[in-house]
Protein chains: 2
Amino acid sequence: MGAASSGSPLRADARRNADQIRRAAMDVFRDRGLTVPLEDVAAAAGVSKATIFNRFGGRVGLVEAVIDEVVAAELSRIVDRTRSIADAQEQMAYYVTAIRDLQYSRPAANDVLLQEFPHSPQLMAICHAAEEIDDELVAAGHASSTLRPEFTRDDLHALVVDNAIALKHGARPRRADYDRRTGFILEGIRAHKPSPA
Amino acid sequence: MGAASSGSPLRADARRNADQIRRAAMDVFRDRGLTVPLEDVAAAAGVSKATIFNRFGGRVGLVEAVIDEVVAAELSRIVDRTRSIADAQEQMAYYVTAIRDLQYSRPAANDVLLQEFPHSPQLMAICHAAEEIDDELVAAGHASSTLRPEFTRDDLHALVVDNAIALKHGARPRRADYDRRTGFILEGIRAHKPSPA
DNA sequence: CGGAAACTGACCTTCCGGGTCAACTTACGC
DNA sequence: GCGTAAGTTGACCCGGAAGGTCAGTTTCCG
């Protein structure tokens, strides 16, 4: 978008800078989220903040230029893998675990999930895809009676969003603690079959 | 502390203003948290911001002057009631439900739990009391095998803190949704006895 | 009524990050 | 090489939000 395909070809130095900015943005966004000061991205790229505006028009343009590499690809990989699982119980377990893993290791994912850029159709599309699978999972869980019947799509969504907020604004827990808590969540939402008597 | 007991007695108008500020602070803090702009408290009290500084020295002084009425009393009531419950399972259920209820209806509680004022011994004491009961509850739960054995004190603490963050920075869920989710949490952490066969 | 106490509005300060621009530097076609 | 357009950049402005301050005025009360 924007500068990528328009008008005359870039001069060599401009192209080089754009590449460096992209690379820096991937690193910095991945590790510190999509709301990191652009100045930090610029510093990591070895250019000045103004150059980012020259090449990408601003934060949104830059985010859209790298969001795929940063999280979108991984997110859709998770969605695909989830869909490929037959057993509803496993499916839900995989999805929740994988999403929470992504949220832990890729702060940028939380910014996407929290819809920090509501004006970017591209970013919103990613969110929408995630909402869709929530529906499927809950439906599958109910159909197979492996999910508590009162558990709703909104509950699953809230699970993810609340975790995003906690990771974004709170202290990052140790990995082992985080994973253990993922387990408690899964326990809490799964239907306990009345032990096949 | 500070202005309350020091030096000469206040003039009538000063005393009146101090009272109005206290009353306004209770309302505003309760509803909107302890980090609300002091200007809003002043407006609600019908005085100017500077008067709050005159009487209370600043936000911390004011918070300490009203924290008891705002949340501390309710919080310790919860702790007391929890301790008075004999059954470990019920105890945990009551505590988690009551704390989460407090968090939902009293945003100020979240600011206390999140330790927004680490320099106030008074506020920190409240936190500390809350941490103590976490220990007791987890110990009781383990002793009676009503709590998952891998569930730790930190897990309980994280449960409360993460919820505080979610309520502070996120959208407030509908009450029914919130309560339902409280139920999922309780399900997730309780030990499922191997159905008394 | 006089002076001390108290109040207040307007102001300062700091932090933060997005965004802009005139002046400088660099690439590159001729 | 050199002119010039493209590109870069540091320094700047902006807005918002909030804590904190103070000179000038009002209010109390002995």
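Note on naming: letters A, B, ... go to the chains in the order of the sequence lines (proteins, then strands), and numbering restarts at 1 for each one.
- Residue pairs meeting the salt bridge (charged side-chain N to carboxylate O under 4.0 Å, His left out) criterion with at least one partner in residues 37-54 of chain B, sequence neighbours excluded, are B/Arg32-B/Asp40.
- Distance B/Arg15 CZ to C/dC7 P: 12 Å, rounded to the nearest Å.
- Not counting sequence neighbours, B/Arg81 has no partner by the salt bridge (charged side-chain N to carboxylate O under 4.0 Å, His left out) test.
- Salt-bridge formation is detected for the pair B/Arg180/B/Asp177: a Lys NZ or Arg NE/NH1/NH2 atom is positioned less than 4.0 Å from an Asp or Glu carboxylate oxygen.
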Worksheet, complete the sentence: In B/S/- notation (B base, S sugar-phosphate only, - none; protein heavy atoms under 4.0 Å), nucleotides 23-30 of chain C written 5' to 3' is ---BSS--

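- Applying the ring-ring contact (aromatic ring centres under 6.0 Å, His included) test to every pair with at least one member in residues 121-177 of chain B, sequence neighbours left out, gives these pairs: A/His169-B/His169, A/Phe184-B/Phe151.
- Defined by atom type and a distance below 3.5 Å, a donor-acceptor pair is missing between the side-chain atoms of B/Asp179 and B/Thr182.
- The salt bridge (charged side-chain N to carboxylate O under 4.0 Å, His left out) contacts involving residues 95-107 of chain A comprise A/Glu74-A/Arg106, A/Asp101-A/Arg175, where partners must be two or more places apart or lie in separate chains.
- Atom CG in A/Asp40 sits about 12 Å away from atom C1' in C/dC16, given to the nearest Å.
- When rounded to the nearest whole Å, the span between CZ of B/Phe53 and P of C/dA6 equals 18 Å.
- The salt bridge (charged side-chain N to carboxylate O under 4.0 Å, His left out) analysis of residues 86-96 of chain A, with sequence neighbours excluded, yields no pairs.
- Rounded to an integer number of Å, the gap from CD of A/Glu116 to P of C/dG17 is 14 Å.
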Is there any protein nitrogen or oxygen under 3.5 Å from a nitrogen or oxygen in nucleotides 8-11 of chain C, and what are the pairs?
from	atom 1	to	atom 2	distance (Å)
C/dT8	OP2	B/Ser48	N	3.0
C/dT8	OP2	B/Thr51	OG1	2.6

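- D/dG20 atom C1' lies 17 Å from atom CZ of B/Phe56, rounded to whole Å.
- With sequence neighbours excluded, the residues satisfying side-chain contact (heavy atoms from CB on, under 4.5 Å) with B/Arg172 are B/Tyr104, B/Pro107.
- C/dG17 atom P lies 9 Å from atom CZ of A/Arg32, rounded to whole Å.
- For B/Asp134, the side-chain hydrogen bond (donor to acceptor under 3.5 Å, both in side chains) partners at least two apart in sequence or on another chain are B/Tyr95.
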Identify every side-chain donor-acceptor pair in residues 108-116 of chain A under 3.5 Å, counting partners at least two apart or on other chains, and give the distances.
from	atom 1	to	atom 2	distance (Å)
A/Asn110	OD1	A/Gln103	NE2	3.1
A/Asn110	ND2	A/Gln103	O	3.2
A/Asp111	OD1	A/Lys168	NZ	2.5
A/Asp111	OD2	A/Leu34	N	2.5

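- A heavy atom lying under 4.0 Å from DNA chain D marks none of the residues of residues 18-29 of chain B.
- Summarising the hydrophobic clusters (Ile, Leu, Val, Met, Phe, Trp, Tyr; side-chain heavy atoms under 4.5 Å, direct or chained), the residues clustered with B/Met124 are none.
- We find that CZ of A/Arg55 is positioned 16 Å from C1' of C/dG19, with the value rounded to whole Å.
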